[in-house]
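All values reported here derive from a predicted model rather than from experimental measurement. Atoms considered below: every heavy atom in the structure, side chains included; atoms not considered: hydrogens, waters and symmetry mates. Quick note on labels: first sequence line is chain A, next is B, and so on, each numbered from 1.
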Amino acid sequence: MTAKGNRMNAPALRAALLDWYDAHARSLPWRAPPGAGKRTDPYFVWLSEVMLQQTTVPHATPYFLAFTRRWPTVSDLAAEEDAEVMAAWAGLGYYARARNLLACARAVAGRRGGVFPDTEEGLLRLPGVGAYTAAAVAAIAFDREANVVDGNVERVMARLFAVEPPLPDSKPELKRLAGSLATADRPGDWAQALMDLGATVCRPKAPLCDRCPISGACAAYARGDQETFPRKTKKAERPRRHGVAWLLTDGDRVALVRRPPKGLLGGMLGLPTSDWRAAPWTDAEALAAAPTVAAWRDAGEIEHVFTHFALTLRVFRAEGAMAAEWTPRAGLEALPSVFLKAAKAGLTRLV
DNA sequence: CACTCGTGGAG
DNA sequence: TCTCCAAGAGT
């Protein structure tokens, strides 16, 4: 047992982690250096938090840079056309976030004159801002005391206290434990310190306990089974669905359709598709369901994995005409990944 | 409250 | 190849 041992109390643990954060904080485009007293623009904090929901830092970073370059303030974003923002979000996934992002920006720019609420309760009323994001923005942008609990914090708490019940049922207990450590001292730095620790040291796999400033207080580390936390209930198997996508071209242009505002890929442009069902589509079924009569040619199939199902998508291509949003090939970057993948297959792999 | 909702990188 | 999973929210 080290000198700090397992007797490390809450104040000592807090001090150790904040000291670690002062020395090891990640440098991120939306973040001010720790302790400097600078506050980050609430717009940057909010935008980054929404982009980072269930999304990795490397994936979200180029989107954050593009959004803030193109729309430097929340009012700039609020004034933009829906289609432009959805196109800019394409590839980032969970497209309800983009719809709520615009709704939130317009609420802040309109009813609040471009000023974000500075309390957790006020933030929580905004579209797309839930318990985590409200707490994170309140703490990071406004330095308000808040219990900021994301997946990182849940993992740190599960190990620190060797919480046996599995996620997601243990969420309330993990949040309660996190709250037992939170104080009004440097709330923004504390929240980010916990998340940075989870992301870089207390990682899901192969945690770097020899670099952990609070390993002396960690119940799981003391037992030696830290990597087995947090316990998790097994996830249901992912079913497979089958569909058909039609790539209709007119020279350089591709026929795209705007998807309904809610549901999967809601509000995004896409290729015309069939239903996505359990049974594969035969050639005859696919051709009968085509959006227009044309000399459809088989372009093979693509595989794509969504959160709760896997998709096999047959792709057919033809030259022709139909009512659609005709888009130059260069504009295909506005498509969600599944359709970009299908379009590339159709344009390059005619069978 | 269980389910829906994307994507790409790591191991 | 396959599993896991990343700064969750809405319904």
Side-chain angles (χ1 to χ4, degrees), chain A residues 25-26 28-31 40 44-64 86 89-101 103-104 123-141 146-156 167-169 171-172 175 178 188 190-200 202-207 227 230 232-241 259-268 270 276 302-311 335-341:
Chain A
R26 287 180 293 176
L28 300 169
W30 47 84
R31 173 183 283 182
T40 308
F44 287 8
V45 177
W46 161 74
L47 180 61
S48 65
E49 291 299 342
V50 173
M51 286 183 167
L52 289 164
Q53 289 166 6
Q54 299 291 287
T55 305
T56 59
V57 167
H59 194 187
T61 295
Y63 287 84
F64 176 83
M86 299 310 284
W89 196 274
L92 199 50
Y94 285 143
Y95 297 99
R97 291 185 296 172
R99 302 193 299 271
N100 287 327
L101 190 81
C104 181
L123 289 159
L124 202 47
R125 296 190 201 102
L126 295 170
V129 177
Y132 163 76
T133 302
V137 174
I140 298 169
N147 189 16
V148 182
V149 182
D150 71 335
N152 287 307
V153 178
E154 287 178 344
R155 181 171 57 257
V156 171
L167 284 170
D169 288 355
K171 278 178 178 288
K175 185 166 187 173
W190 173 250
Q192 295 179 95
L194 269 180
M195 291 191 284
D196 269 27
L197 186 77
T200 67
C202 196
R203 308 181 297 189
K205 296 172 186 174
E227 197 168 347
K232 293 192 177 183
T233 56
K234 293 213 169 180
K235 296 172 184 173
E237 271 185 41
R238 221 194 303 269
R240 177 164 298 279
R241 296 184 191 170
R259 296 175 61 82
K262 293 179 183 292
L264 188 70
L265 310 172
M268 299 298 289
W276 297 352
I302 60 121
E303 295 287 328
H304 192 79
V305 179
F306 294 96
T307 303
H308 56 293
F309 68 94
L311 177 68
L335 294 178
S337 294
V338 61
F339 292 124
L340 184 57
K341 195 185 294 184

OP1 or OP2 of [N] versus the side-chain N and O atoms of [X]: is any pair under 4.0 Å?
X	N	value
A:T55	B:dG6	no
A:K235	C:dC5	yes
A:Y94	C:dG10	no
A:H304	B:dT7	yes
A:Q54	C:dG8	yes
A:K232	C:dC5	yes
A:T307	B:dG6	no

With a 4.0 Å cut-off on heavy atoms, is [X] in touch with a base, just the backbone sugar-phosphate, or nothing at all?
X	value
A:G263	sugar-phosphate
A:L28	base
A:R26	base
A:L265	sugar-phosphate
A:A131	sugar-phosphate
A:P336	sugar-phosphate
A:T133	sugar-phosphate
A:W30	base
A:G91	sugar-phosphate
A:V129	sugar-phosphate
A:V50	nothing

Rounding to a whole Å, what distance do you find between [X]:[atom1] and [N]:[atom2]?
X	N	atom1	atom2	value
A:H59	B:dT7	NE2	C1'	5 Å
A:L335	B:dG6	CG	C1'	14 Å
A:L92	B:dG9	CG	C1'	14 Å
A:L123	C:dG8	CG	P	17 Å
A:R259	B:dG6	CZ	C1'	12 Å
A:F309	B:dC5	CZ	P	7 Å
A:L264	B:dC3	CG	P	17 Å
A:K205	B:dG9	NZ	P	16 Å

Review point. Between A:T61 and A:H59, is there a donor-acceptor pair closer than 3.5 Å when you use the side chain of the first and the backbone of the second?
Key: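 It does not hold such a pair.
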Check your understanding: Just by distance, do the side chain of A:R31 and the backbone of A:R26 share a donor-acceptor pair under 3.5 Å?
Key -> yes
Practice item. Quick one: pull up CD in A:Q54 and OH in A:Y94 and give me the separation to the nearest 0.5 Å. Key: 5.5 Å
Point to revise | Value rounded to 0.5 Å, distance of CG in A:L264 from CZ in A:R259 | key: 5.5 Å
Practice item. Return the 5'-most residue of the pair A:R203, A:D169 with respect to DNA chain B, ranking by each residue's nearest nucleotide. Key: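 It is A:D169, whose closest nucleotide lies nearer the 5' terminus.
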Check your understanding: Does the side chain of A:Y132 pick up a donor-acceptor pair with the side chain of A:E49 at under 3.5 Å?
Key ->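 Result is yes, a qualifying pair exists.
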Nearest listed nucleotide, side chain of [X], among [options]:
X	options	result
A:H308	B:dG6, B:dG8, B:dT4	B:dT4
A:F306	C:dG8, C:dA6, B:dG6	B:dG6
A:N100	B:dG8, B:dC5, C:dG10	C:dG10
A:R238	C:dC5, C:dA9, B:dC5	C:dC5

Point to revise | First encountered from the 5' end of DNA chain C, between A:L126 and A:S48 | key: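 Its nearest nucleotide lies further toward 5', so the answer is A:S48.
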Exercise for review: Name the residue closer to the 5' end of DNA chain C, choosing between A:K262 and A:A199 according to the nucleotide with the nearest heavy atom.
Suggested key: A:A199
Review point. For the ring pair A:F306 and A:H308, is the centre-to-centre distance below 6.0 Å?
Key: no
Review point. Do the charged groups of A:E303 and A:R240 touch, with an N to O distance under 4.0 Å?
Key: yes
Check your understanding: Under 4.0 Å between a Lys/Arg side-chain N and an Asp/Glu carboxylate O for A:E227 and A:K205?
Key -> no
Point to revise | Interatomic distance at P, C:dT11 relative to B:dG6, whole Å | key: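 C:dT11 and B:dG6 have their P atoms separated by 14 Å.
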